[in-house]
Amino acid sequence: MDKILVHGGVRLKGDVRIGGSKNSALPILAATLLTKEKCVIDRVPDLSDIHYMLTILGRLGCEVERASGVVQIRAEKILTEAPYEIVRKMRASVCVLGPLLGREKAAKVSLPGGCVIGDRPIDLHLKGFESLGAKVVVKGGDILLEAKKLQGARINLRGRHGPTVLGTGNIMMAAVLAEGITDIEGAAEEPEVVDLANFLIAMGAKISGAGTQHIQIEGVPELHGANHTVIPDRIEAGTFLVAGAIAGSRVTVTRTNPAHLGAVITALKKAGFELSHTSDSVTISPNGSRRPLHIETLPYPGFPTDMQAQFCAMLATMDGTSVVTETVFPQRFMHVSELKRMGASIDLNNHCATIHGVERLSGAPVMASDLRASAALVLAALPADGITEINRVYHIDRGYEAIDEKLNALGAHIERVKS
Ligand code: UD1
């Protein structure tokens, strides 16, 4: 397993180009199953999660071609079964359920396994499929969906922890080929849901309200091929802004969409950083005096759970006491014990971390546990004393395109040790 060594004590400066959004690209690639015609998807990031999705699509019978960020997919004849050995590697594999059900009225996909950021049920996805008229059976570790026909319905997708992002996508993808009108209440408002809706509309679907809590879909008999460019990854952009906050003199994220970064920009400004933006870039400067923060993660447009770990790393070395409350995935605090190994002072109480800022962290061997937690450890290591050895970096490669190379181009000193 590869590991990375972060030599601490650096200062970052310069511009970094943001890639296409992983969380948009995954369901959009799955949505190509909805048509027999060729789809061309541009700005697909080069990440292991994307590779898993393309492997699943290949196993389902799609012809897949990929060249420098452009993926061409033709799902002329498809199978409806996705076996455990490929599905288990990525929880987002569940987003083939919606398109398979929509097009073939049948799907057999293994239930995704456990996840380190906590229990991640898919009850809301299944409830939505049932409302559309599918018979849902969970048996022998598989989810089996079957329907004679799908009928539009009124579906409330709001769960105990708020709306579901992939659940909203899954129901949209099934409902576009259902008969009649589907009304989704409590829909996720994330930009990735809007991006998926825009792709489906380009394929001929009739969808309105994406980006609000109420999405309406009027089923159509079939969809056609389409071209689409994936939106910029707002979590990658946010992560590099926090890198600038932690170890920067002036860092600019380019090819991004500042409108998608509202809550992150607001939080960084509240913490005392100076931020400015153009139509497609955001710059952070370390001017001004630092202030501790109280943050609560929330569904979009609230503060994203996918930025929580990176902010914990930043707040660990800022004066004063900050409080970070996680409401979306209450158990998502695996990074806290690793940050403490580096000298952070953090009290964890249920879904709330109280962070007492210390002057400096020190390098230590630490373990990457999940995607964003791993990014947080890299960020924490940048200004730390000495070398931080981060093991199990495959987690970080799931969601960040060459994060080590991009940070090195800004002035970091990170080595990747292949094993
Ligand atoms: C997506 C993102 C992930 C992000 C998350 C929340 C992708 C590939 N992943 O994950 O990076 O952290 O949104 O912004 O897009 N829930 C249920 N029942 C369900 C589904 C979800 O109770 O059927 C709960 C979850 O346990 C969680 C909350 O709802 O507490 C939100 O989860 P959800 O929005 O579904 O996350 P994902 O779509 O899986």
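This one's a predicted model, so the numbers in the text were calculated from it and none came from an experiment. One-based numbering, in listed order, for ligands and for the atoms of each.
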For [Y], does its backbone N or O pair with a side-chain atom of [X] as donor and acceptor, under 3.5 Å?
| X | Y | answer |
| --- | --- | --- |
| E401 | D46 | yes |
| Q308 | R332 | yes |
| D233 | K22 | yes |

All salt bridge (charged side-chain N to carboxylate O under 4.0 Å, His left out) counterparts of R160, not counting sequence neighbours: none

Looking at [X], which atoms of ligand 1 are within less than 4.0 Å of one of its heavy atoms?
| X | value |
| --- | --- |
| T305 | 6 (C), 12 (O), 14 (O) |
| R332 | 12 (O) |
| H125 | 23 (O) |
| H161 | 28 (C), 30 (O) |

With only distance considered, is [X] within less than 3.5 Å of ligand 1 through an N or O on each side?
| X | answer |
| --- | --- |
| R91 | yes |
| L124 | yes |
| K22 | no |
| G167 | no |
| L26 | no |

Should [X] and [Y] count as an ion pair when the cut-off is N to O under 4.0 Å?
| X | Y | answer |
| --- | --- | --- |
| E389 | K3 | yes |
| D347 | K340 | no |
| K269 | E274 | no |

Which residues share a ring-ring contact (aromatic ring centres under 6.0 Å, His included) with H228, sequence neighbours left out: F199

Proximity winner for atom 33 (P) of ligand 1, if only heavy atoms of L298, D123, V165 are counted: V165

For atom 21 (C) of ligand 1, the option (of G162, P163, P121, G128) bearing the nearest heavy atom: P121

